[in-house]
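One structure below.
Positions are given from 1 along the sequence.
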Amino acid sequence: MRIELSLADVPLGPFEGSLVTVYSARSKAANLHVSRQCGQLRTSEVRTADVPLETAMLRRLCSRCAAWGVWGRPGTGLGMFLGALGGTGLLYQLQSYVEPDEDERWTDREAREAAGLLRTEQDADPDDEEEVEGGISRREAREDAEELRGLIFAHWRGAGRSLHRAQAALAHFSWLEEWAKPSLTVKMRYLETLRAQAARFVDPEELVVAAAATALPMPEFPNADPAFAVLGGNTRMARALADLWHRWQSAASRPWEGPGTRAYLSYEIVRDIRSNRKGYDAARAEAARLIASWEEQARAAATPADRAPRCRLTAQMPEVPEAMPRHGGRDFLDGLDTWTLGVLLTWTVDVDWGSGALTLEVPDLVAERLLSAMSSLPCSPADAAPDLPDRDRGPGRRPGIVRPGIFDDTPVFDRRPVTLDHIRALRTLGPGADELYLVFSVSGGAEVLPLATIEKRLAKGWLGVFIAGARDLPGSVLGPEKPEHSPEPEAREAQVSGRGQGVHDPNFGEGLGLAEGTRRTICQTYATEDQNLNLRLLALARGADDLRSLDAGRPGGLPVAVWHGLLTEDRLSLAPFRQPGSDRWRSGSGLPLGPLAAVQLYTTNASPLIEGKGHSPLCRHAHERAVVGDDDLLTVADLMARTDFDWCSKCGGYAIRRLSDTQLSYYRAAHQLHDIKQRLDGKSGSPATDTSTVITRLEELAAWSPVDEEQWRGSDSWQWQDTIRELRRKVSRFGIAGGSMR
């Protein structure tokens, strides 16, 4: 009996009263919608309101939003709860596979007769046109029976999948279990009906024979038999007989193919030989005799005593990614062969469809095959099954996983520690959840971590809470969502460091900074709807101390556009920080690195002892795969201290982490001071500059200091000011002499 359920019937549990955003027309009696773009919201005057989630409010929802509406941000507890109910989620599954389909009905008698026909006609000629009862041929009757068998098996798998999804969802929301019990009872009853009908098409004895056939060792082949002389020399004969054996053993492992069907394999050994050739019939007849002898061996190995269940096994259904997809999904039984499906139908004594765990009692030969490497179903002896702790028993082992206080915008001091079960629930119920999270723990403080890293830490006993995901970041601090007008190519050329041009230009070095990183992320995000998320991911990723912790080698990592916002392949011009020397091209001003000393550089290889050049993680030679966990991390101080690097000539060998505002400001100030010093020393080919202008610039540079004074060490500050004092003295001498300086 079908039980009609709607969203308004669902107990809301701890989420009752949560504020949700709804849209409606101006009328007080108008339906509510959870999306402004809902096709049933046909008005230009749309009202927006935040209302508490209650049964009365749910009854006012339009039918489309109630069934398919997307609630809240992905990855929040409320969003996952409501998302798990709608679409093809819990409500749909509780009402599916509870009774025979209206368009595909059959009676129990039809199933019994079809199974009997296939068993008695197992070895019949598939092309037999002899008429049977009803005026149809044997072939047509067999085809109809096979079609019904496939239909029953498909419905059994579908009912099992539906029950699995329903129970897996309920395990995350414990307050729904009692409410859903009547619907689950109906589903289980119908599933058992389908199982019993499908089991009629399976012969337990044939399952044991099939297991015995796969366990037979390869026999000695009669390579000297003159009957096979037509196959060629000894080598070709041995190869043909071995191929025949493998074909037979493969066919024998499939329980629905009887001995008569496998007898036709005798034609395979002479498939490349003309039928009128001498020796053709003798070779085929001898091959048929061999196949018959192998059949006898398999049946002899499967003695009646071995067909009674003896061995108890625990099996685990293969997992399917995104166990609660919104739009259907792959059948979690699809990966199992027909023999394994027959075993499940025949010898399953207990099953937990929610977790996919089964208990089987099978004959020894069947157990041997299930425990072998060739089995498509992971099994272990029941008495040897490991006693796993709760956190390792799957996403639904502990009730009430998803609730407010884990993923939501509740006050931070009310947050509950995250567990492995929470991460599994997030991956299952919120496939569109954020990849990066700001977390807090007593051991590590506030950190930006990917979900995979959080999961690994939790497995080792880490204790922490979620603070925010990327979507939680306030848009007011992210800057413009559209890039500003891009300068002309000539102007941008002057902004890139290392060109020796325009160091006093306010935009000098802009390509190295965070603003340019934001612009690059926006420009390389082609889908407009993804720009907002990528900007938030970029903002969150910038808080990571080491970009290798974000590991681009993981599936589902940060988009490439975000990595271009984090890194730049533009080179830093380090001339101001080199020591003075006689080489006018390499001579520097000896300025301190200051805030630039800790600027990070990422490369695929920084060790001269390891073969291969170092490449930027964004270089095409590194497949533009961004930073991964085993890349090397250097700083600008390391780069200045070593000369043994072997860099790629195309990309320069490394990518630089974009400069913060303080670092970019100091970079510009250092280049301006270096330019002034070069002019005063007569090493610059720049036009003449008035001394008063130079004095003004020196005063501005003397007043420079970082926002964070800790980045400006005492020795660096002293060296900076000492260089300015020396230049002031030089300017004073120029002033006494009069005129301008070059």
Side-chain angles (χ1 to χ4, degrees), residues 1-6 9-11 84-85 88-102 104-108 111-112 149 151-202 309 312-320 323-325 328-334 336 340-362 377 382 393-399 428:
M1 179 183 68
R2 187 179 299 275
I3 302 176
E4 297 294 335
L5 299 173
S6 69
D9 299 323
V10 180
L85 296 175
T88 57
L90 181 60
L91 284 175
Y92 177 84
Q93 301 303 336
L94 289 178
Q95 299 173 87
S96 301
Y97 292 101
V98 294
E99 60 185 11
D101 192 282
E102 293 182 0
E104 296 177 327
R105 286 179 176 269
W106 61 86
T107 65
D108 193 62
R112 183 172 60 254
R149 178 179 64 186
L151 194 60
I152 293 174
F153 266 73
H155 275 69
W156 171 67
R157 290 199 305 268
R161 176 188 62 208
S162 179
L163 185 58
H164 165 70
R165 291 182 177 174
Q167 290 186 339
L170 287 169
H172 297 297
F173 314 107
S174 58
W175 63 92
L176 297 180
E177 291 178 353
E178 193 64 29
W179 164 79
K181 188 176 292 183
S183 298
L184 292 178
T185 301
V186 175
K187 288 179 69 66
M188 292 176 182
R189 187 182 301 124
Y190 182 57
L191 177 61
E192 176 55 27
T193 298
L194 291 171
R195 187 209 65 78
Q197 291 179 348
R200 286 198 178 98
F201 293 89
V202 180
R312 194 176 181 90
L313 301 179
T314 299
Q316 181 65 48
M317 290 293 185
E319 291 187 7
V320 177
M324 285 293 298
R330 181 171 68 87
D331 190 332
F332 79 126
L333 294 172
D334 277 352
L336 303 181
T340 305
L341 291 175
V343 169
L344 297 184
L345 287 167
T346 306
W347 288 302
T348 299
V349 294
D350 187 29
V351 57
D352 180 352
W353 287 100
S355 63
L358 302 95
T359 302
L360 310 175
E361 287 186 354
V362 297
L377 182 67
R393 289 185 180 272
R397 288 289 105 191
R398 287 189 287 177
T428 302

*asked:* Minimum heavy-atom separation for Ala171 and Glu177, please, with both atom names.
replied: CA-OE2, 4.5 Å

*asked:* Keeping Trp175 on the side-chain end and Pro11 on the backbone end, is there a donor-acceptor pair under 3.5 Å?
replied: yes

*Which heavy atom of Ile152 sits nearest a heavy atom of Ala111, and at what distance?*
CD1-CB, 3.7 Å

_From Arg189 atom CZ to Glu99 atom CD, the distance as rounded to the nearest 0.5 Å_ = 12.0 Å

*Mind checking whether Phe173 and Leu90 have side chains closer than 4.5 Å, heavy atoms only?*
no

*How close do Leu344 and Met317 get, heavy atom to heavy atom, and via which atoms?*
CD1-CE, 3.6 Å

*Does Trp179 reach the main-chain N or O of Asp9 with its side chain, forming a donor-acceptor pair under 3.5 Å?*
yes

*For Leu341 against Arg157, the heavy-atom pair lying closest together*: CD1-NH1, 4.1 Å

*Is it true that a side-chain atom of Ser162 and a backbone atom of Gly158 form a donor plus acceptor pair closer than 3.5 Å?*
no

*asked:* List the residues meeting side-chain hydrogen bond (donor to acceptor under 3.5 Å, both in side chains) with Glu361, not counting sequence neighbours, and say none if there are none.
replied: Arg312

*Quick one: do Arg161 and Tyr97 satisfy side-chain contact (heavy atoms from CB on, under 4.5 Å)? Show the steps, please.*
CA-CA 10 Å; Arg161 176 188 62 208; Tyr97 292 101; 4.0 Å; yes

*Output yes when a side-chain donor or acceptor of Gln93 lies under 3.5 Å from a complementary backbone atom of Ala166, and no otherwise.*
no

*Within the side chain of Gln167, is there an N or O that forms a donor-acceptor pair under 3.5 Å with the backbone of Asp352?*
no

*Heavy-atom donor-acceptor pair, His155 side chain to Leu151 backbone, under 3.5 Å*: yes

*asked:* If the condition is salt bridge (Lys or Arg N to Asp or Glu O under 4.0 Å), which residues does Glu192 pass it with, not counting sequence neighbours?
replied: Arg195

*Residue among Val362, Thr359, Leu358 satisfying side chain to side chain contact (heavy atoms under 4.5 Å, CB included) with Thr348*: Leu358

*asked:* I need the Gln197 CD to Thr107 OG1 distance, nearest 0.5 Å.
replied: 8.5 Å

*Please list, chain by chain and in numerical order, all residues satisfying salt bridge (Lys or Arg N to Asp or Glu O under 4.0 Å) with Asp108, sequence neighbours excluded.*
Arg112, Arg200

*Value rounded to 0.5 Å, distance of CH2 in Trp106 from CG in Asp101*: 8.0 Å

*Taking all non-hydrogen atoms of both residues, which atom of Ser6 and which atom of Leu91 are closest, and how far apart?*
C-CD1, 3.9 Å

_Nearest-0.5 Å distance that lies between atom CG in Leu360 and atom CG in Asp350_ = 10.0 Å

*How far apart are the closest heavy atoms of Phe153 and Ala198, and which atoms are they?*
CE1-O, 3.7 Å

_Nearest-0.5 Å distance, NZ of residue Lys187 to CG of residue Leu163_ = 6.0 Å

